[in-house]
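Scroll down for the structure; my scribbles are underneath it.
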Protein chains: 2
Amino acid sequence: MAKRILNNYFHSLFPIEKEIVQNITKTFKYFQLDKNTILLAKNKISTKTYFLEHGYMRSYILNEDNEEITTNIYTAPCFVNDFLSFFKQQPTKETYQTLSDCSFWETSLENVQTNFHNLPEFREFSRLLFVINYSKLNDRMIEMVSQKAETRYLNLLKQNPHIFQNVSLKIIASYLGITDSSLSRIRKNVSKM
Amino acid sequence: MAKRILNNYFHSLFPIEKEIVQNITKTFKYFQLDKNTILLAKNKISTKTYFLEHGYMRSYILNEDNEEITTNIYTAPCFVNDFLSFFKQQPTKETYQTLSDCSFWETSLENVQTNFHNLPEFREFSRLLFVINYSKLNDRMIEMVSQKAETRYLNLLKQNPHIFQNVSLKIIASYLGITDSSLSRIRKNVSKM
DNA sequence: GTAATTTCTTGTCATTTGTCAAGTGCTGAT
DNA sequence: ATCAGCACTTGACAAATGACAAGAAATTAC
């Protein structure tokens with residue numbers, strides 16, 4: 001499998017030499033998963049870092065009533081990592097599941113550590129990836145506390161329209177922090193306007 | 001001013017040699033701010049990293065109705081950073097304000113960069129700090145989407161009772177994503193039980 | 001192709017939270 | 001000492017969202 005998409009992802013984030021990217025990605029291995037497969041289960045320790053090349057994924061937790069709360073929806077191409085589990089080598093609280101047939105590139109914690117210590121460019125890249133993820137999470141949190149469900153729905157529809165063709169409304173609803181009934185009503189309202 | 005609290009903070013996070021910590025913190029400068037002072041204003045670029053030694057702070061944004069939404073409440077001792085602004089050198093969306101008289105240690109981006117490149121232990125520390133912050137933010141986000149206001153209030157009261165003695169209920173309410181009226185009613189309800 | 005399952009919508013009603021306005025009590029400036 | 005402003009509470013009502021159940025539509029399994 002060609003690593004074109006993986007390599008391009010590095011270039012899209014910040015300026016970096018082709019040779020360095022190839023050096024970083026040479027340890028990445030390709031694999032595929034069918035729809036509705038668990039990539040990383042709750043309570044497991046993440047030992048790999050994953051790049052989602054094609055497809056859709058989500059992470060979710062179970063609340064006290066054993067309902068699945070979708071914490072994130074991933075649209076390829078992107079990295080899919082449980083930072084806490086991966087870097088602190090502790091069990092994850094979340095479950096990572098494919099929402100469509102997916103293709104991935106993975107590499108081990110050891111390879112990441114090696115690159116991190118040997119390649120300043122990889123450190124820059126990792127830091128940037130961290131910061132971008134942190135920032136997205138912060139934006140999402142601000143959205144959750146300061147905007148009503150309809151606004152959050154409209155923002156998601158605008159920023160990520162594809163997921164509405166590929167992810168069930170029930171999952172999107174739990175990502176928005178509402179029930180599927182409420183989302184259904186909001187969609188009805190919006191379509192009337 | 002003695003750097004005891006600052007130095008101890010490093011040791012409390014992970015095992016690290018005393019000499020290395022002293023090497024890291026030798027460039028930190030001490031300063032104080034009165035209550036209700038802006039540490040870092042919206043649209044400014046953060047050029048310093050701050051360690052809050054004593055006191056309480058918050059960060060907030062303005063929503064479309066120009067209401068202040070508290071994004072974070074900081075209880076000393078802790079680092080107070082706008083990661084995105086600091087590491088990408090771009091304007092911050094948030095304003096950082098003291099909620100009590102505060103004392104700080106600060107150092108420049110250049111010093112952080114130098115330490116980051118020269119000291120593997122500092123890289124580890126930074127990564128850990130980042131992962132911890134990311135994880136806290138993720139937990140908060142999950143709480144916001146999956147629990148009702150009363151539960152969020154009770155959790156905050158349990159995890160951080162001090163802030164109720166030091167931060168106004170209006171600010172705490174906006175941190176919890178509700179109005180001050182609602183928080184007042186919730187408190188009344190809870191006290192009845 | 002048919003049955004089973006899942007997804008999505010909708011109705012009814014309850015609960016939570018917001019909005020606005022008023023009132024009380026505290027604090028700080030002069 | 002007084003006044004202005006702020007923090008907090010409360011009441012009345014409105015809006016948003018949830019809970020539950022039923023049914024329609026789409027998808028999946030066999």
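Here is the naming used below: chain letters follow the sequence lines, and residue numbers restart at 1 for every chain.
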- Item | Short side-chain donor-acceptor distance under 3.5 Å, Ser59(A) and Asn72(A) | no

- In whole angstrom, what separates Ile186(A)'s CD1 from dA15(D)'s P? 16 Å

- Task: Determine, using ring centers only, whether Phe28(A) and Phe51(A) are less than 6.0 Å apart.
- Result: no

- Query: Expressed in angstrom and rounded to an integer, what is the separation of Asp34(B) atom CG from dG28(C) atom P?
  - Reply: 14 Å

- Task: Using whole Å, report how far CD1 of Ile178(B) lies from C1' of dT19(C).
- Result: 15 Å

- Note on the structure: note: Met144(A), atom CE; dT17(C), atom P; distance rounded to Å ~ 13 Å

- Message: The test is ring-ring contact (aromatic ring centres under 6.0 Å, His included); show your working for Tyr134(B) and Phe83(B) and say whether it passes.
- Response: CA-CA 11 Å; Tyr134(B) 186 88; Phe83(B) 290 121; over 10 Å; no

- Task: Write down the distance between CD (Glu67(B)) and C1' (dC20(C)), rounded to a whole number of angstrom.
- Result: 13 Å

- Message: Would you say Thr179(A) places a side-chain N or O within less than 4.0 Å of OP1 or OP2 belonging to dT17(D)?
- Response: no

- Query: Looking at the rings of Phe79(B) and Tyr9(B), which for Trp means the six-membered one, are their centres under 6.0 Å apart?
  - Reply: yes

- Item | Distance flag, aromatic centroids of Tyr74(B) and Tyr50(B), threshold under 6.0 Å | no

- Once you round it to whole Å, what is the distance between P of dC8(D) and OH of Tyr153(B)? 12 Å

- Task: Scan nucleotides 3-15 of chain C nucleotide by nucleotide, 5' to 3', and note B when protein non-hydrogen atoms come under 4.0 Å of the base, S if they reach only the sugar-phosphate, - if neither.
- Result: -----SBBBB---

- Do Thr27(A) and Thr107(A) have side-chain atoms, one donor and one acceptor, less than 3.5 Å apart? yes

- In whole angstrom, give the distance that lies between atom CD of Gln147(B) and atom P of dT16(C). 15 Å

- Message: Taking the axis from the first five pairs and the axis from the last five, what angle separates them in the helix from dG1(C)-dC30(D) to dT30(C)-dA1(D), rounded to 10 degrees?
- Response: 50°

- Message: Without decimals, in angstroms, what is the distance between Arg152(A) CZ and dA16(D) P?
- Response: 13 Å

- Message: What I want to find out is whether Arg127(A) reaches Glu124(A) closely enough, with some N-O distance under 4.0 Å, to be called a salt bridge.
- Response: yes

- What are the two closest non-hydrogen atoms of Lys42(B) and Thr95(B), and how far apart are they? N-OG1, 3.2 Å

- Roughly how far apart are Asn138(B) CG and Lys93(A) NZ, rounded to 0.5 Å? 7.5 Å

